[in-house]
There are 2 protein chains.
Amino acid sequence: MDIDKAISALNNPARRQILIWLKDRSNFPPALPEHADLAGVCVGYIQEKSGLSQSTISTYMNALKGAGLVLSERHGQWTFYRRNEEVIAQTLKKLSEDLQ
Amino acid sequence: MDIDKAISALNNPARRQILIWLKDRSNFPPALPEHADLAGVCVGYIQEKSGLSQSTISTYMNALKGAGLVLSERHGQWTFYRRNEEVIAQTLKKLSEDLQ
DNA sequence: GCGCTATATCGCGATATCTCGATATATGGA
DNA sequence: TCCATATATCGAGATATCGCGATATAGCGC
């Protein structure tokens with residue numbers, strides 16, 4: 001867990017908002033039937049919700065992933081991103097312990 | 001409390017380290033006798049400890065102040081900076097509530 | 001193979017941050 | 001007043017981030 005990379009990833013309102021949206025699957029359109037059992041949300045849904053461009057969201061999701069804050073899984077043509085609760089919790093804990 | 005400005009201020013290892021050092025006055029040389037009763041640490045001590053330039057530290061302390069994370073008080077030629085515990089706590093709390 | 005869809009990567013101009021040295025300002029003392 | 005000290009501000013080059021459109025890649029179905 002690289003606290004520096006994590007804070008850097010969090011230092012952007014759109015990326016923070018994505019993490020917040022990902023807390024609740026119902027912030028996005030329902031999954032396709034064939035994806036019903038998969039965790040996470042595909043890039044397209046996140047892009048649509050955010051209003052940012054596809055390339056921007058892809059880059060942002062990769063930044064969040066690089067910081068460990070999300071996990072990704074490829075299924076066919078889709079990449080599903082979901083929160084990495086452990087790393088998110090660790091990051092917030094470390095920040096609090098350091099600064100508080 | 002502007003969470004965006006706060007995270008931005010925290011998105012720098014040197015500024016985070018300064019906040020950590022400021023938790024304990026003994027991280028710095030003892031205050032001059034005439035300042036013994038004042039809260040906070042002068043810019044020069046912080047500069048010395050950090051190894052960064054005087055102008056950089058002055059700018060950094062101003063950024064931390066702009067984010068509300070520190071308070072400053074001028075006494076004669078010296079500016080004393082100290083942590084703003086309330087805002088630091090609020091910031092960490094808001095971050096946790098939003099993201100956790 | 002071809003075409004379609006989903007995602008990733010590239011290249012870019014705009015803007016922000018980093019950190020510095022030089023300079024300005026403020027204060028206190030001789 | 002003049003000088004020394006402490007801090008703030010200015011200006012700049014280097015680097016990073018932002019967000020885009022264009023293009024590349026990967027997987028699926030025919």
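All figures in this text were calculated on a predicted structure; none of them were measured in a lab. Letters A, B, ... mirror the listed sequences (proteins, then strands); counts begin at 1.
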Query raised in the report: Would you say A:Met61 and A:Ile46 make side-chain contact, with heavy atoms under 4.5 Å?
Result: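 Of all side-chain heavy-atom pairs linking A:Ile46 with A:Met61, at least one is under 4.5 Å.
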Query raised in the report: side chain to side chain contact (heavy atoms under 4.5 Å, CB included) with A:Asn11: which of B:Asn12, B:Asp4, B:Ile7?
Result: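 Of B:Asn12, B:Asp4, B:Ile7, side chain to side chain contact (heavy atoms under 4.5 Å, CB included) with A:Asn11 is met by B:Ile7 alone.
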Phosphate contact ([N] OP1 or OP2) by [X] side-chain N/O below 4.0 Å:
X: A:Asn11; N: D:dT17; result: no
X: B:Ser8; N: C:dT17; result: yes
X: B:Asn12; N: C:dC18; result: yes
X: A:Arg15; N: D:dT17; result: no
X: A:Tyr81; N: C:dA6; result: no

Query raised in the report: Do the side chain of B:Thr91 and the main chain of B:Val87 share a donor and acceptor less than 3.5 angstrom apart?
Result: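 The answer is yes, because a donor-acceptor pair under 3.5 Å joins these two groups.
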Distance check needed: [N] [atom2] versus [X] [atom1], whole Å only.
X: B:Asp4; N: C:dT17; atom1: CG; atom2: C1'; result: 15 Å
X: A:Ile18; N: D:dC18; atom1: CD1; atom2: P; result: 12 Å
X: A:Glu73; N: C:dT7; atom1: CD; atom2: P; result: 14 Å
X: A:Ile7; N: C:dC18; atom1: CD1; atom2: P; result: 12 Å
X: A:Tyr45; N: C:dT5; atom1: OH; atom2: P; result: 15 Å
X: A:Glu48; N: C:dT5; atom1: CD; atom2: P; result: 15 Å
X: B:Leu32; N: C:dG29; atom1: CG; atom2: P; result: 12 Å
X: A:Leu10; N: D:dC18; atom1: CG; atom2: P; result: 12 Å

Requested in this report: Quick one: pull up NZ in A:Lys65 and CG in A:Asn84 and give me the separation to the nearest 0.5 Å.
Outcome: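 It comes to 11.5 Å.
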**Report entry** side-chain contact (heavy atoms from CB on, under 4.5 Å) evaluation trace for B:Leu32 with B:Trp78
**Finding:** CA-CA 11 Å; B:Leu32 300 177; B:Trp78 291 272; 4.1 Å; yes
Requested in this report: Could you go through the side-chain contact (heavy atoms from CB on, under 4.5 Å) check for B:Asn27 and B:Lys49 one step at a time?
Outcome: CA-CA 9 Å; B:Asn27 283 309; B:Lys49 179 108 183 167; 4.2 Å; yes
Query raised in the report: Base, sugar-phosphate alone, or nothing: which one does B:Thr79 contact when heavy atoms must sit under 4.0 Å apart?
Result: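 Sugar-phosphate, no base atom in range.
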Report summary line: Quick tally for nucleotides 20-30 of chain D: nucleotides whose base has a protein heavy atom under 4.0 Å get B, sugar-phosphate-only ones S, the rest -, giving BBB----BS--
Query raised in the report: Of the options A:Phe28, A:Phe80, A:Tyr45, which is the one that meets A:His35 in a ring pair (Phe, Tyr, Trp, His ring centres under 6.0 Å)?
Result: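 Exactly one candidate clears the test, A:Phe80.
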